[in-house]
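Inspection log for the structure reproduced underneath, given as structure tokens.
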Amino acid sequence: MKQRIAQIALVVGEYDDAIKFYTEKLNFTLIEDTRLSETKRWVRIAPPGSTDCCLLLAKAANEEQHSRVGNQAGGRVFLFLYTDDFWRDYTGMLDNHINFTKMPTEEEYGTVAVFEDLYGNLWDLIEPKAS
């Protein structure tokens, strides 16, 4: 048996705001933006060079979903963005006014810093140590 995670739903306030943030601030690629109904779209984005897993931007549709926007992991780091060049991406993110809540540190597993997306979800930016 072979399985894989294809996409992860990220609840957002508005499609276009989220697309703009991820494509312009984090340089993600817009893979798909298909209108399914008057209010629902199928929007998939991924970091540059990513082929296995992407984010599905899911617009909050009710009060309960709106309450989760920006805090899908209860205040913990929610997503982990791996990079092949930490300092290139960290500097680029600073230039794009990304807010880092934890400055870069060297850990056993690599170089890491914590940033937040436009809604406040926490992400790790990580360059793993070579194995």
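These figures come from a predicted structure and were not determined experimentally.
Under a cut-off of 6.0 angstrom, the local environment of CD1 in I5 is sparse, with at most 12 non-hydrogen atoms contributed by other residues, nucleotides or ligands. Heavy atoms of other residues, nucleotides or ligands lying less than 6.0 angstrom from NZ of K20 number 12 at most.
For K129 (side chain) and E107 (main-chain N/O), a donor-acceptor pair under 3.5 Å exists by modelled atom type. Between the side chain of T29 and the main chain of I31, no donor-acceptor pair closer than 3.5 Å is present.
Residues satisfying the side-chain hydrogen bond (donor to acceptor under 3.5 Å, both in side chains) criterion with D84, sequence neighbours excluded, are R88. D33 pairs by the salt bridge (Lys or Arg N to Asp or Glu O under 4.0 Å) definition with R41, not counting sequence neighbours. Qualifying side chain to side chain contact (heavy atoms under 4.5 Å, CB included) partners for L26, counting only residues two or more places apart in sequence or in other chains: F21, Y22, F28, M93, I98, F115. Scored by the ring-ring contact (aromatic ring centres under 6.0 Å, His included) test, Y90 finds F86, W87, F100 as partners (sequence neighbours excluded). With sequence neighbours excluded, the residues forming a side-chain hydrogen bond (donor to acceptor under 3.5 Å, both in side chains) with E116 are N99, listed by chain and number.
Other residues sharing a hydrophobic cluster with L122 under the 4.5 Å side-chain heavy-atom criterion for ILVMFWY residues are V77, F80, Y82, Y109, V112, V114, I126.
Remark: N96 CG to N27 CG distance equals 6.0 Å, nearest 0.5 Å. Interatomic distance, CG of L56 versus CG of L10, reported as 9.0 Å (0.5 Å rounding). Rounding to the nearest 0.5 Å gives a distance of 7.0 Å between NZ of K59 and OG1 of T39. Between the CD atom of E14 and the CD1 atom of I19 there is a distance of 11.0 Å, given to the nearest 0.5 Å. A distance of 12.5 Å separates CD1 in I45 from CD in E32, rounded to the nearest 0.5 Å. Atom CG of D95 is separated from atom NZ of K25 by 10.5 Å, given to the nearest 0.5 angstrom.
The side-chain heavy atoms of L55 and L79, taken from C-beta on, include a pair separated by under 4.5 Å.
Across all their heavy atoms, C54 and A46 have their closest contact at CB-CB, 4.0 Å. Of all heavy-atom pairs spanning A61 and Q65, the tightest one is N-OE1, 2.7 Å. The nearest pair of heavy atoms linking Q72 to A9 is NE2-O, 3.6 Å.
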Where do T83 and L125 land on the side-chain contact (heavy atoms from CB on, under 4.5 Å) test, with the steps shown first? CA-CA 7 Å; T83 178; L125 175 65; 3.9 Å; yes
Would V11 and Y119 satisfy side-chain contact (heavy atoms from CB on, under 4.5 Å), going step by step from the backbone distance to the final call? CA-CA 10 Å; V11 181; Y119 297 109; over 6 Å; no
